[in-house]
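For ligands, and for the atoms within them, numbers begin at 1 and follow the listed sequence.
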Amino acid sequence: MERRKFIKTASLTGVGLTLGSTLLNCDETVSEKITEQHSEAINDLYGIPLVVATWHVENATAKAMEILQAGGNALDAVEQGCRVEEADAKGQTVGKGGLPDREGNVTLDASIMDKHGNCGSVVYLQNVTHAVSVARKVMEETPHVMLAGEGAKQFALSKGFQSEDLLTEASKNAWEKWKINAQYQPIINIENHDTIGMLAIDKNGDISGACTTSGLAYKMEGRVGDSPIIGSGLFIDNDIGGCVATGLGEEVVKTVGSFLVVELMRQGKSPQQACEEAIGRIVNKPNSDYKNFQVGYVAVNKQGETGCYSIHQNFNMTKFQDGVNTQIQSDYFNKA
Ligand code: SD4
């Protein structure tokens with residue numbers, strides 16, 4: 001990263017000077033071509049396009065990168081990337097196959113945000129696998145930002161989404177086992193794969209993000225987490241960067257976590273520093289119960305720098321940048 005920063009500064013100065021004088025002396029088609037080559041050169045230096053996501057989701061980041069490499073935009077990339085996880089019935093924290101609430105209902109929360117600051121979300125959505133795509137439809141085809149419950153479902157069906165039973169045998173069995181003791185302690189982050197939050201920068205340097213989840217396993221009926229709350233589970237500012245959250249949503253909502261991370265980057269913090277400070281806001285509260293819950297953030301800035309940080313160990317970020325799709329183990333706060 002340090003090497004990239006150095007090359008970036010040195011090369012961009014050179015590229016800028018050369019480009020300026022060349023553009024003054026050529027016709028329009030040639031100048032367009034040169035501008036295109038110029039932005040490709042800058043993208044290479046910044047490691048753009050790029051995709052990052054919460055947890056271990058290489059198939060999802062690969063799908064998103066496929067779209068970016070074909071010249072697609074960041075919004076399509078994050079939507080399509082998240083859909084990979086939503087469709088995977090084996091994943092018990094997102095979309096189809098998600099663990100249900102205490103009453104046995106699988107309810108989904110999702111959000112999406114684009115480079116213009118437009119956003120859409122759905123909360124307590126039932127019987128529709130691709131909550132992220134419904135959130136996008138809310139953003140693009142309604143005058144609203146958020147639709148809930150039965151209204152969200154009816155809207156989805158009116159847009160051609162299929163109604164299906166999302167409770168798989170495996171999730172039903174897990175719920176029935178849980179019911180034997182029925183402890184109201186929500187289970188969180190015991191798996192190595194959880195809520196997916198994804199951020200992408202496309203070849204134009206534009207940023208979008210999305211977040212999708214079945215929320216806390218065995219939550220109270222009607223509970224909504226951070227993932228569909230713009231500013232909590234997800235926030236994008238195309239001039240600055242973006243952030244997504246995972247973990248105990250209540251704690252993210254209380255600190256408006258993703259918005260906080262982006263604002264900290266605006267003030268000059270790197271994505272890594274911003275994620276660390278946002279986790280600090282949670283764990284440093286008087287009487288914080290942080291030993292008993294996990295929260296993790298993943299962030300990216302306009303320059304293609306990334307960061308991630310969590311309260312406890314075993315959080316990771318999947319990053320697809322410079323042709324490498326890899327899992328990065330997050331640093332964490334609680335080393336006691
Ligand atoms: C929620 N933040 O509903 C989600 C759940 C999650 O890792 O991310 N779990 O609170």
Side-chain angles (χ1 to χ4, degrees), residues 52-57 60 78 82 85-86 88 91-95 97-102 105-113 121-126 131-132 135 146 148-149 152 166 171 174 184-199 209-235 243-261 275 278-279 282 289-290 292-299 308-318 327 330 332-334:
V52 283
T54 54
W55 302 106
H56 176 199
V57 290
V78 293
C82 286
E85 294 302 315
E86 288 178 335
D88 179 3
Q92 290 184 300
T93 51
V94 178
L99 288 168
D101 66 14
R102 294 175 190 179
N105 310 306
V106 180
T107 71
L108 307 182
D109 292 340
S111 60
I112 194 160
M113 193 159 185
S121 72
V122 286
V123 305
Y124 199 75
L125 175 68
Q126 294 186 62
V132 73
M146 185 183 287
L166 303 183
S171 290
Y184 282 173
Q185 193 74 348
I187 294 178
I188 195 146
N189 289 333
I190 50 172
E191 312 89 338
N192 70 348
H193 160 234
D194 220 284
T195 292
I196 177 166
M198 183 179 279
L199 304 164
C211 195
T212 182
T213 187
S214 52
L216 296 186
Y218 319 129
K219 58 199 175 186
M220 285 177 70
E221 187 175 17
R223 182 263 186 190
V224 169
D226 60 316
S227 307
I229 311 295
I230 300 300
S232 291
L234 164 71
F235 195 71
C243 178
V244 277
T246 182
L248 185 62
E250 281 74 2
E251 295 299 322
V252 177
V253 169
K254 285 178 203 167
T255 48
V256 200
S258 292
F259 181 72
L260 173 62
V261 169
C275 289
I279 290 293
I282 297 172
D289 190 31
Y290 72 83
N292 293 318
F293 61 80
Q294 171 72 304
V295 170
Y297 291 112
V298 165
C308 58
Y309 198 65
S310 57
I311 300 176
H312 301 287
Q313 62 185 344
N314 294 332
F315 175 52
N316 42 49
M317 150 171 92
T318 305
Q327 221 189 115
S330 174
Y332 55 97
F333 172 79
N334 185 22

With heavy atoms of [X] as the reference, note each atom of ligand 1 found under 4.0 Å away.
| X | result |
| --- | --- |
| Asp226 | 1 (C), 2 (N), 4 (C), 10 (O) |
| Gly215 | 3 (O) |
| Ser227 | 2 (N), 4 (C) |
| Thr246 | 6 (C), 7 (O), 8 (O), 9 (N) |
| Leu216 | 3 (O) |

Can you find an N or O of [X] that's nearer than 3.5 Å to an N or O of ligand 1?
| X | value |
| --- | --- |
| Trp55 | no |
| Thr195 | yes |
| Thr213 | no |
| Glu250 | no |
| Gly247 | yes |

Check your understanding: For Tyr297, what residues pass the ring pair (Phe, Tyr, Trp, His ring centres under 6.0 Å) criterion, not counting sequence neighbours?
Key -> none

Check your understanding: Judged by non-hydrogen atoms, does Lys219 sit under 4.0 Å from ligand 1?
Key -> no

Check your understanding: Quick one: side-chain hydrogen bond (donor to acceptor under 3.5 Å, both in side chains) partners of Asn334, sequence neighbours excluded?
Key -> His312

Review point. For Ser214, which of Leu108, Leu166, Asp109 qualifies under side chain to side chain contact (heavy atoms under 4.5 Å, CB included)?
Key: Leu108

Check your understanding: Which bit of Ala245 gets closer than 4.0 Å to ligand 1, counting heavy atoms only: side chain, backbone, both or neither?
Key -> neither

Check your understanding: Counting only heavy atoms, which portion of Glu251 has something under 4.0 Å from ligand 1: side chain, backbone, both, or neither?
Key -> neither

Look only at the side chain of [X] and the backbone of [Y], and say whether a donor-acceptor pair between them is shorter than 3.5 Å.
| X | Y | value |
| --- | --- | --- |
| Ser121 | Ala135 | no |
| Thr318 | Val57 | yes |
| Thr54 | Thr195 | yes |

Check your understanding: Is it the case that Trp55 and Thr246 place a side-chain donor and acceptor less than 3.5 Å from each other?
Key -> yes

Point to revise | Near-ring test Tyr290/Phe333, centroid separation under 6.0 angstrom | key: yes

Check your understanding: Below 4.0 angstrom, N of the basic side chain to O of the carboxylate: do Arg223 and Glu250 qualify?
Key -> yes

